[in-house]
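Chain naming here is simple, since letters A, B, ... match the order of the sequence lines and numbering starts at 1 in each.
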There are 2 protein chains.
Amino acid sequence: MEKHPGTVFIVDDDDAIRDSLKWLFQSRGYRVETHPSAEAFLGAYRGDTSGCLVLDVRMPGMSGLELYDILKERGVGLPVVFLSGHGDIPMAVSSLRKGAMDFIEKPFNDNELVDRVAESLRMDEERRRDEASRHAVAERLAQLTPRELEVMQLILAGKHNKVIADELRISMRTVEVHRSRILQKMGVRSAVELAQVVSVSDLPPAGPAPMEGPGH
Amino acid sequence: MEKHPGTVFIVDDDDAIRDSLKWLFQSRGYRVETHPSAEAFLGAYRGDTSGCLVLDVRMPGMSGLELYDILKERGVGLPVVFLSGHGDIPMAVSSLRKGAMDFIEKPFNDNELVDRVAESLRMDEERRRDEASRHAVAERLAQLTPRELEVMQLILAGKHNKVIADELRISMRTVEVHRSRILQKMGVRSAVELAQVVSVSDLPPAGPAPMEGPGH
DNA sequence: ATCCACATTGTGGATTTCCCCAATCCCCGC
DNA sequence: GCGGGGATTGGGGAAATCCACAATGTGGAT
């Protein structure tokens, strides 16, 4: 068992459905965690586990929709598959537009649900990788001093040290020092790599340097 | 009138609804084009017009859902807002998952529809800008000879001309020539700009050069 | 008062980039 | 066969990058 990565979090107030879903996913090799209410899930989820949330829309206490909103507020990017017994179109549409992976009516088709959960787990893996990558870059960027950040943007604008020096009214030598520290702190060995690494993140551009010239 | 960019394409077999929608959008300053059937729209749409498609799901002949599929097949990225009189949740969900902007039940709220269409038009503008930008880069990339493409990837891997020369078993001088032509053809003036311009596109990486070194 | 991070500047030299001029070789199509 | 585009290589020089060694000034924290 557990031939699949990530955990399937099942939140439903109906014992029978919880058990049935648990069995369904466990029998297919997924790690499963069940919770009888939104509150119970919130109390237990630590945010560090990759997975997918299978969420009943209507439950006593906090509804699945409310839980979803709260998770989004908290920046929890866990993909969610909604299960609904008495949903309507606006509810489904609004859920999907907010980013839910799917909105499935009960009774549901087992294979369909499993497929969607499997896809959700893949997405979460990918999301976490991207997140980690962005975070790593952000962490490095955070090490740069204000001045270095300033110089970096000019470098990314494709300007030569000479030009940067003029614009910042400092000597070229100083720019070189900054440049060197920037590359070192960002863990790259050239401005080209810097551009690629930073392009993952989103920085406010400084001096533009769009493409022109010949072309076709 | 016409204070808004883009055209609202209305496709519905019901004359009354078509007129009503036409009036609704025209009165708010949108350019409107109506069609009584999916076939009529297909015959008239030229693909070069920015806009948003307001599409009735159920129509005699080709349904709105079918039309949407066909448009996607043809690579027409026009954003679509579905209108439905007798839709169900699976239909709505599948539409949205396929990329529709919204799925609204009749009778609909005028303001809600207009808001969604307005957002769709904004998205289409942006999409077209991105598309144009990607296309421009692709066009330039297409001008590169195979060898130049090869050299470019090594440049983007952050390698020095010296290293590139070794790897390709050619002289450094030749690499310089290639490099120069590449920058010229791509319309940039430095490798950094090249990296940024190309990053918009998606190229298969050649020799990796990830970030390492210090860090936190 | 002292320590430290940050910004700054210099000298000088090794390495690289960028470019003009010029030339050879090969393959492909007219 | 001839012309032309693409790939290749050289010479040589101006400009820029990269770096090691060395130093000064400023502002905040201890």
Asker: What is the per-nucleotide protein-contact pattern of nucleotides 25-30 of chain C, from the 5' end, where B denotes a base atom under 4.0 Å from a protein heavy atom, S denotes such proximity for sugar-phosphate atoms only, and - denotes neither?
Answerer: ------
Asker: Taking OP1 and OP2 of D:dA7, is either one under 4.0 Å from a side-chain nitrogen or oxygen of B:Thr174?
Answerer: no
Asker: Looking only at side-chain N and O atoms, does B:Ser171 come under 4.0 Å of OP1 or OP2 in D:dT9?
Answerer: yes
Asker: Closer than 4.0 Å, any side-chain N/O of A:His178 to the OP1 or OP2 of C:dC6?
Answerer: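 Result: no.
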Asker: Starting the side chain at C-beta, find the nucleotide from D:dC18, C:dT17, C:dC19 nearest to B:Arg179.
Answerer: C:dT17
Asker: Quick check on DNA chain D: between B:Val175 and A:Met172, whose nearest nucleotide comes earlier from the 5' end?
Answerer: B:Val175
Asker: What residues, two or more places apart in sequence or in another chain, satisfy side chain to side chain donor-acceptor pair (under 3.5 Å) together with A:Asp13?
Answerer: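 Checked A:Asp13 against side chain to side chain donor-acceptor pair (under 3.5 Å); zero matches.
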Asker: Can you list everything that forms a side-chain contact (heavy atoms from CB on, under 4.5 Å) with B:Arg18? Sequence neighbours excluded, please.
Answerer: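 In terms of side-chain contact (heavy atoms from CB on, under 4.5 Å), with neighbours along the sequence ignored, B:Arg18 is linked to B:Ile10, B:Asp12, B:Asp15, B:Thr34, B:Pro36.
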Asker: Applying salt bridge (charged side-chain N to carboxylate O under 4.0 Å, His left out), can you list everything that pairs with B:Lys72, at least two apart in sequence or on another chain?
Answerer: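 Once residues adjacent in sequence are excluded, B:Lys72 has no partner under the salt bridge (charged side-chain N to carboxylate O under 4.0 Å, His left out) criterion.
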Asker: Which residues satisfy the side-chain contact (heavy atoms from CB on, under 4.5 Å) test with B:Asp110, sequence neighbours excluded?
Answerer: B:Leu24, B:Arg28, B:Phe108
Asker: Using the test side chain to side chain donor-acceptor pair (under 3.5 Å), find all partners of A:Thr174 that sit at least two apart in sequence or belong to another chain.
Answerer: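 Residues passing side chain to side chain donor-acceptor pair (under 3.5 Å) with A:Thr174: A:Ser171.
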Asker: Work out how much the helix from C:dA1-D:dT30 to C:dC30-D:dG1 bends between its end axes, five pairs an end, to the nearest 10 degrees.
Answerer: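 Helix axis angle between the two ends: 40°.
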Asker: With A:Ala138, which residues qualify under side-chain contact (heavy atoms from CB on, under 4.5 Å), at least two apart?
Answerer: none
Asker: Which residues satisfy the side chain to side chain donor-acceptor pair (under 3.5 Å) test with B:Glu112, sequence neighbours excluded?
Answerer: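 With neighbours one apart ignored, the set is empty.
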Asker: Just say parallel, tilted or perpendicular for the rings of B:Phe82 and B:Phe103, cut-offs at 30° and 60°.
Answerer: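 Correct class here is tilted.
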Asker: Below the 4.0 Å mark, does D:dT17 have OP1 or OP2 next to a side-chain nitrogen or oxygen of A:Asn161?
Answerer: yes
Asker: For B:Leu42, enumerate each residue passing the side-chain contact (heavy atoms from CB on, under 4.5 Å) test, keeping only those at least two apart in sequence or located in another chain.
Answerer: B:Met62, B:Leu67, B:Ile70, B:Leu71, B:Arg74
Asker: Quick check: on DNA chain D, is the nucleotide nearest B:His160 upstream (toward 5') of the one nearest B:Thr145, or the reverse? Name the residue that is more 5'.
Answerer: B:Thr145
Asker: Taking protein heavy atoms under 4.0 Å as touching, what does nucleotides 20-30 of chain D look like 5' to 3' if B marks base contact, S marks sugar-phosphate-only contact and - marks none?
Answerer: BB---------
Asker: Could you tell me whether a side-chain N or O of B:Ser95 sits under 3.5 Å from a main-chain N or O of B:Met91, the two making a donor and an acceptor?
Answerer: yes
Asker: Looking at residues at least two apart in the chain, or sitting in another chain, which of them share a side chain to side chain donor-acceptor pair (under 3.5 Å) with B:Asp102?
Answerer: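 Only B:Arg116 meet the side chain to side chain donor-acceptor pair (under 3.5 Å) criterion with B:Asp102.
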